[in-house]
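A short worksheet on the structure shown next.
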Number of protein chains: 2
Amino acid sequence: MKTVTVYDIAKEANVSVATVSRVLNNTAPVKKETRDRITELINKYQFQPNALARSLSKKETGMIGIILPDITNPFFPEVLSGFDREARDNGYTYFLCDTVSANGDMADQYGRESQYLSALSEKQVDGIVMLGGRVDLAKPREELTSEVLEIGKRVPVLLINGDLPGTSLHRVCIDERLGAELATRHLIELGHRDIAIVGGYPHMRNTIQRTAGAVKTMQQYGLKVRKEWVLGDGFSVESGVGFIRQLLEQRERPTAVFCMNDLVAIGVMKGAYKAGLSVPGDLSIVGYDDIPFASASTPELTTVSLKANELGRTAAQILHQLISKEKVRKTSILQPELVVRETTAPR
Amino acid sequence: MKTVTVYDIAKEANVSVATVSRVLNNTAPVKKETRDRITELINKYQFQPNALARSLSKKETGMIGIILPDITNPFFPEVLSGFDREARDNGYTYFLCDTVSANGDMADQYGRESQYLSALSEKQVDGIVMLGGRVDLAKPREELTSEVLEIGKRVPVLLINGDLPGTSLHRVCIDERLGAELATRHLIELGHRDIAIVGGYPHMRNTIQRTAGAVKTMQQYGLKVRKEWVLGDGFSVESGVGFIRQLLEQRERPTAVFCMNDLVAIGVMKGAYKAGLSVPGDLSIVGYDDIPFASASTPELTTVSLKANELGRTAAQILHQLISKEKVRKTSILQPELVVRETTAPR
DNA sequence: GTGAAAGCGCTAACAC
DNA sequence: GTGTTAGCGCTTTCAC
């Protein structure tokens, strides 16, 4: 079953391939009569132009690459979904490049990012968006940065909620500090003075910023930030369970805990239950991200919405503008929002 | 900044493009000396072969398309993650085609599937996998089927947990009936006799099969299946909340409920709490899918694992074989597994 | 309004 | 071992 090409259509229609191409792309007027003849043949043979050939000559593919760490982390599908919608509407189709997921082997995460980066570049994608992974690092190694910078010269690169110091790549972010402030202030206004801050990784920008926001707010209100109530290393449910256990082992206990993300918050909640505490009766908990589970748990989780969907949507818009060579400002910052639900209560 | 091509490399190395191509693909022996010279230039210019051109001439792209309804539904990232891992290892990169997500506009879901189907085909993907959407329909419209069949003639198509009656497309599935049997039997063995079956959509194959499995099992044990305890139309948390409300309004109440998926189960659990019931004290609940949240909730959800990850992994394997023109059996069936956690207890 | 022909960048016979 | 050259299937000047 030979695949039919513009030549086949052209021949049978007694025109040149140029004309076929013209009706295909509506790129120049064609006499209605010939146009109809061609259209008919196209339908007859179910002709589908080869996108590879087209892209090769047009030097644009309508393909985008999106590199992220783990689609299994519910935060990412949310931004992806916003991104998808917008990108789709603009006629793009995208490669999903997951650098960790499944094998859970973080070890070579950055190596995999590099592989994808060059694979995408070879595939001539029109644009690349990165989130998580190296762009989350507070101090990425030099090569990690320069590599992206190099790619960025050939194709638009957009960072979501990340940065690569010194590159001035385009990025769309959430105001992380503000999010943390919102959460902390909420707790304080409920009368809490003994607040723990748990989760995250000290080498990640988001953790640093969120922690800074929380600490600053507590200090503004004259609250003391206790070292032993600031626990790190983990973004998972399990780590959350561990954090609350550590907290409960101490002589003095906090009455509220601000978690670096919702997964940790869920873990903390689980751990609290197992320890016989009631939430929010004995312990108020606020998360961060507002993943779907946040509203599915019982009690429903009070959290900070990162506007994941909007983040993705905005990213797609900006990337599109970048690809269209429109002027775009380097950094777009979205405002997070506190979502008060059921895990927080007056002290 | 002109992009460098094999010609540039060839010229500077004083060889022909053929030789460059040879070292690029290791497709024929090249004298070490010339090889080194070429390799050096490749590095010097950071030369990256244009995958479009390569694919155009080789007639293979290393690209796969995967069409699914909603990446925001936690079941899908799980299978995607298994798929990703395996596909990546085999050198594929894939387009994620989400047909619902974000806008939540189910209305034109099938239309979007069609669009993606032809977009992928034009992009010359090496294979396509479909899950959810039309392949979940018990009785898909004729065009929905024939369209896929048509595409299937030009490129391998694999269905995950779905089918298109009369097409004999390759597919990898879970034994849905068995899963439902496992769940139901578990409940019965705990002493429950009043079991409700809630969630799903009557026009979907999985719902039909799961319901059939549950009903059959109940009958085997001589239990009565009450019409008013079989509630449909919904796979969401909200629908679950609605189902339990309906159940509790009735004069006689079930002591256990088998849910069509975990989201519904979570909703049922929420609703039960709001109504002042304790789980599993007053009501045992079992879900279906084993999404990550199933083990994160409190109490942790007893559910049937669909082996989502394995489903994805297997799909990638089989698709690879299909692409490599190896012999593969049409249907692969995976066994589900009951995961007993905390939402089920003796009557 | 339409055609001829030169690319786009790579691979793969085939010849030497 | 290496070079020549004809594709792969489409777009796009430039003529007419």
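Because only heavy atoms are used, hydrogens play no part in the values below, and waters and symmetry mates are left out as well, while side chains stay in. Note that the structure is a prediction, hence the values are computed from the model and not measured. Every chain is numbered from 1 and lettered A, B, ... according to where its sequence line falls, protein lines coming before strand lines.
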Between C:dG3 atom P and A:K11 atom NZ, what is the distance in whole Å?
15 Å

Salt bridge check: are A:E122 and B:R54 linked by an N-O gap of less than 4.0 Å?
no

For B:E147, is there an ion pair with B:R134 - N to carboxylate O distance below 4.0 angstrom?
yes

Closest non-hydrogen contact found for B:T61 with B:D126 is N-OD1, 3.1 Å

A:E143, CD: over 12 other non-hydrogen atoms inside 6.0 angstrom
yes

Test item: side-chain donor near acceptor, A:S81 and B:D98, under 3.5 Å:
no

A:Q48 and B:S121: CA distance, side-chain angles, deciding distance, side-chain hydrogen bond (donor to acceptor under 3.5 Å, both in side chains) verdict
CA-CA 8 Å; A:Q48 296 190 303; B:S121 164; 2.5 Å; yes

Once you round it to whole Å, what is the distance between P of C:dT2 and CG of A:D36?
11 Å

Within residues 13-25 of chain B: residues closer than 4.0 Å to DNA chain C (heavy atoms):
B:A18, B:S21, B:R22, B:N25

Length of the line joining B:K123:NZ and D:dC8:P, which is rounded to integer Å:
22 Å

According to the side chain to side chain donor-acceptor pair (under 3.5 Å) rule, which pairs have a member within residues 312-332 of chain A, sequence neighbours left out?
A:Y92-A:H320

Looking at DNA chain D, which of residues 41-65 of chain A put a heavy atom within less than 4.0 Å of it?
A:F47, A:P49, A:N50, A:A53, A:R54, A:S57, A:K58

Do B:L131 and B:I67 pass the side-chain contact (heavy atoms from CB on, under 4.5 Å) test, and can you show the C-alpha distance, the side-chain angles, and the key distance before you say yes or no?
CA-CA 6 Å; B:L131 66 166; B:I67 304 179; over 6 Å; no

Between P on C:dT11 and CD1 on B:I9, what's the gap in Å once rounded to a whole number?
13 Å

So A:T27, base contact, sugar-phosphate only, or nothing? Heavy-atom distance under 4.0 Å.
nothing

With a cut-off of less than 4.0 Å, is there a side-chain N or O of B:T3 near OP1 or OP2 of C:dG9?
yes

